[in-house]
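Some notes on the structure that comes next.
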Amino acid sequence: MAYWLIKSEPDVYSIDDLRRDRQTIWDGVRNYQARNFLRQMQVGDLGFFYHSNTSPLGIVGLVKVIESDVIDPTQFDSNSPYYDPKSILESPRWFTVKIEFVEAFTQIITLETLKREFSPEQLLVVRKGNRLSVMPVEIEVAQKLLLR
DNA sequence: GCCAACGTTGGC
DNA sequence: GCCAACGTTGGC
């Protein structure tokens with residue numbers, strides 16, 4: 001079982017939105033490195049839900065992967081902001097996962113805290129200039145985060 | 001609002 | 001295939 005971190009701008013989709021929906025397809029990722037991580041995810045993996053572009057920044061909850069290798073439907077939807085005209089039905093370009101809500105942390109683990117407790121080598125999200133929206137989290141780091 | 005740090009695009 | 005220009009992400 002692996003651990004991941006997924007970023008979302010709460011104005012677009014927040015942990016409260018996921019609590020309300022209970023589950024969602026993690027659509028709209030249009031970066032190949034992030035997609036490759038999404039393709040590595042397996043059912044049962046846990047993800048830390050991170051709020052970006054907001055205040056306070058940080059990890060706000062936990063999610064679980066409940067379906068892997070999901071074809072992102074928005075790539076074929078010309079009305080979607082994530083529409084990709086270059087993607088063809090026979091060989092889709094963008095894959096993702098379906099996730100479900102596990103919990104919203106009573107206290108956000110702020111980026112400031114993450115920077116204090118983990119090095120950029122341990123945790124990609126604290127690395128300066130990092131723009132990946134989906135990234136792996138080392139088991140030791142994940143366990144420390146879950147014990148907080 | 002600024003801008004660093006990328007990723008992507010397209011001319012050559 | 002190189003790389004300059006451009007666009008986006010996301011912290012500050």
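What you are looking at is a predicted structure, and each value in this text was computed from that prediction instead of being measured.
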Shortest non-hydrogen contact between A:Glu138 and A:Glu121, atoms and distance: OE2-O, 3.8 Å
Strictly distance-based, threshold 3.5 Å: is any side-chain N or O of A:Arg35 a donor or acceptor partner for the main-chain N or O of A:Arg93?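 Yes; at least one donor-acceptor contact below 3.5 Å.
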Would you say A:Asp77's side chain and A:Thr74's backbone share a donor-acceptor pair under 3.5 angstrom?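 No, because the side chain of A:Asp77 does not come within donor-acceptor range (under 3.5 Å) of the backbone of A:Thr74.
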In residues 122-129 of chain A, what donor-acceptor pairs under 3.5 Å come from side-chain atoms, sequence neighbours left out?
| unit_1 | atom_1 | unit_2 | atom_2 | d |
| --- | --- | --- | --- | --- |
| A:Gln122 | OE1 | A:Ser119 | N | 2.9 |
| A:Arg127 | NE | A:Pro120 | O | 3.4 |
| A:Arg127 | NH2 | A:Pro120 | O | 3.0 |

ring-ring contact (aromatic ring centres under 6.0 Å, His included) pairs, two or more places apart, involving residues 47-93 of chain A: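 For residues 47-93 of chain A, and leaving out neighbouring residues, the ring-ring contact (aromatic ring centres under 6.0 Å, His included) pairs sorted by first residue read A:Trp26-A:Phe49, A:Phe49-A:His51.
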Any chance you could list the contact pattern along nucleotides 5-12 of chain C? Use B for base contacts, S for sugar-phosphate-only contacts and - for none, protein heavy atoms under 4.0 Å, 5' to 3'. --BBBBBS
